[in-house]
S.K.: 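Encoded as structure tokens, here's the structure I'll be asking about.
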Amino acid sequence: MQQNIQRHRVVVIGAGYTGASAAGRLARRLRSEDVSITLVNAEPDFVERVRMHQLAVGQDLRPRPFHRMFAGTGVRLKLAKVTGIDVDRGTVSVTDANGAGQPEDLEYDTLVYALGSAWNTRGVPGAMEHAHEIAGREGALRLRDRLAALAPGSPVTVVGGGLTGVEAATELAEARPDLDVSLVARGGLGDWLSPKGARHLRKVFGDLRITAHEHTAVTAVEADRVITAEGDIPAAVTVWTTGFAVHPIARATALETTDDGRIPVDGTMRSTSHPDVYAIGDAALVAGPGGKPLRMSCASGVPTAWQAADAIAARLTGGKLPTTAPRYFNQCVSLGRKEGLIQYVTAGDRAVSAALTGRVAALYKELVCKGAAWGVANPTMGLPTRRRVTAQRAGATAPAA
């Protein structure tokens, strides 16, 4: 007779690019009779984080509801906020996404931690109170309303000279040429790019009349200005883009974490301290080429989701563990809707001389963004898959009594 075996419970917390990809890929690798997959997220729609600068300047984004994305896959969406994790008991504590109802504990056999990151003020006085962030939809919408209320000629200052800051400044300057847009960078403008890439970035900044304050550190933010050692910079609106900070929940658990709150993982994205927990995306400390940690980005996050999903499926079915090491190929930068920059890089993310610029690069970046969203709904990239029987289920047949 067939033994009554409980389904293996997989809980994925966070449904950004990585969490949603991992849940969908697992559902295509495993049978729903053997494994239950619960995806916990506070919002009912997938948020294209790489487009938040577009949302902030007033562009409408295509809605991507999860109930359509996961229809027929077997993934169960739980609309809730994660409030805690007990890795010893194997539970995730959640509350209703709207703050109503009773707290609930979700039990898991395998946890995929994909809570991602939020903006990082780096402790600069006044940044939290006076600056705007575009790390999520809620912040982007607040900034959208604030920008819409600005009078022509108002100064807008973007703090941060990385990819997010450059994209935000150029998008804003193109959409609102009536505003006085500036960017404050701790280093040189585009100093991570090749000479060709940096020249093109400076050209676009000049064409859009964006003022770049280079080698400038912000020491404080006030309601109408950004304060630096070199002097005050007027800012009716300050946009803060100086990197990301991971969700704090992991540090409140028994999981091993780094000083910045990330979870160290092995080559299969499994926690080095708790083998039933996998961490992916911004939440994970992942060794890239040469042992250098991967940076927080969609480009490095999605491959970690695939790696984790394939490793979980392999361990449950007795299959071969994935051995593909994550690496980089290029950095895709939108510079408004008409200009772009594709900087080709080494596996370890160092710029090489080759770069694609102009309108072709803008189209390339748009295809990458569309492809990333398509990939969340199609996490095996459209290739046929076979749902495998778990090893526990395969060995569950006993001789008839």
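Start at 1 with the first residue, then count along the sequence.
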S.K.: Using modelled atom types only, decide if a donor and an acceptor are shared between the side chain of Glu214 and the backbone of Leu189 within a distance under 3.5 Å.
M.R.: yes

S.K.: Report the residues that fulfil side chain to side chain contact (heavy atoms under 4.5 Å, CB included) with Asp349, sequence neighbours left out, ordered by chain and then residue number.
M.R.: Arg295, Tyr328, Gln331, Val345

S.K.: Sequence neighbours left out, what passes salt bridge (Lys or Arg N to Asp or Glu O under 4.0 Å) with Asp207? Give chain and number order.
M.R.: Lys203

S.K.: Taking side chain to side chain contact (heavy atoms under 4.5 Å, CB included) as the definition, give me every residue that meets it alongside Thr157, ordered by chain and number, with sequence neighbours left out.
M.R.: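 Applying side chain to side chain contact (heavy atoms under 4.5 Å, CB included) to Thr157 gives Val159, Ser182, Val184, Val226, Ile233, Ala235.
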
S.K.: For Phe205, give me all partners under ring pair (Phe, Tyr, Trp, His ring centres under 6.0 Å), at least two apart in sequence or on another chain.
M.R.: none

S.K.: Show the nearest heavy-atom pair for residues Gly161 and Ala185, with the distance to one decimal.
M.R.: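 Closest heavy-atom pair between Gly161 and Ala185: CA-CB, 3.9 Å.
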
S.K.: So, for Glu171 and His53, which heavy atoms are closest and what is the spacing to 0.1 Å?
M.R.: OE1-CD2, 3.2 Å

S.K.: Check the side chains of Glu104 and Ser93 for a donor-acceptor pair under 3.5 angstrom, ignoring hydrogens and angles.
M.R.: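 There is no such pair (donor and acceptor under 3.5 Å, judged by atom type) between the side chains of Ser93 and Glu104.
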
S.K.: According to salt bridge (Lys or Arg N to Asp or Glu O under 4.0 Å), who are the partners of Asp191, at least two apart in sequence or on a separate chain?
M.R.: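 By the salt bridge (Lys or Arg N to Asp or Glu O under 4.0 Å) rule, Asp191 matches no residue at all.
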
S.K.: Test: salt bridge (charged side-chain N to carboxylate O under 4.0 Å, His left out). Region: residues 62-72. Which pairs qualify, not counting sequence neighbours?
M.R.: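 Matches after skipping sequence neighbours: Glu48-Arg64.
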
S.K.: Mind checking what makes side chain to side chain contact (heavy atoms under 4.5 Å, CB included) contact with Thr357, not counting sequence neighbours?
M.R.: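 Partners of Thr357 under the side chain to side chain contact (heavy atoms under 4.5 Å, CB included) test: Lys196, His200, Leu341.
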
S.K.: Please evaluate residues Thr91 and Glu107 with respect to the criterion side-chain hydrogen bond (donor to acceptor under 3.5 Å, both in side chains), reporting the C-alpha separation (whole Å), side-chain torsions for both, the decisive distance (0.1 Å), and the verdict.
M.R.: CA-CA 4 Å; Thr91 60; Glu107 296 182 335; over 6 Å; no

S.K.: Determine the sole option in Leu39, Leu316, Val10 for which the side chain to side chain contact (heavy atoms under 4.5 Å, CB included) test with Leu26 is passed.
M.R.: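 Checked Leu39, Leu316, Val10 against Leu26; only one passes side chain to side chain contact (heavy atoms under 4.5 Å, CB included): Val10.
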
S.K.: What pairs with Arg144 under salt bridge (Lys or Arg N to Asp or Glu O under 4.0 Å), at least two apart in sequence or on another chain?
M.R.: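 Salt bridge (Lys or Arg N to Asp or Glu O under 4.0 Å) check on Arg144 returns Asp60.
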
S.K.: Just to verify, what does Phe329 make a side chain to side chain contact (heavy atoms under 4.5 Å, CB included) with, not counting sequence neighbours?
M.R.: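 For Phe329, the residues satisfying side chain to side chain contact (heavy atoms under 4.5 Å, CB included) (neighbours in sequence not counted) are Arg327.
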
S.K.: Distance-only check: which donor-acceptor pairs under 3.5 Å involve side-chain atoms of residues 111-119, not counting sequence neighbours?
M.R.:
{"from": "Tyr113", "atom 1": "OH", "to": "Ala250", "atom 2": "N", "distance (Å)": "3.2"}
{"from": "Ser117", "atom 1": "OG", "to": "Arg49", "atom 2": "NH1", "distance (Å)": "3.3"}
{"from": "Ser117", "atom 1": "OG", "to": "Arg49", "atom 2": "NH2", "distance (Å)": "3.4"}
{"from": "Ser117", "atom 1": "OG", "to": "Asp282", "atom 2": "OD2", "distance (Å)": "2.6"}

S.K.: Excluding sequence neighbours, so at least two apart, what forms ring pair (Phe, Tyr, Trp, His ring centres under 6.0 Å) with Tyr108?
M.R.: none

S.K.: Do we see a donor-acceptor contact under 3.5 Å between the side chains of Thr18 and Ser21?
M.R.: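 Distance-only check fails for Thr18 and Ser21.
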
S.K.: Under a plain distance cut-off of 3.5 Å, with no hydrogens placed, do Ser334 and Arg51 share a side-chain donor-acceptor pair?
M.R.: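 The answer is no; no qualifying pair exists.
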
S.K.: Quick test of your reading: applying salt bridge (charged side-chain N to carboxylate O under 4.0 Å, His left out), list the pairs with at least one residue in residues 35-47, sequence neighbours left out, ordered by first then second residue.
M.R.: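 Salt bridge (charged side-chain N to carboxylate O under 4.0 Å, His left out) check on residues 35-47 returns Glu43-Arg137.
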
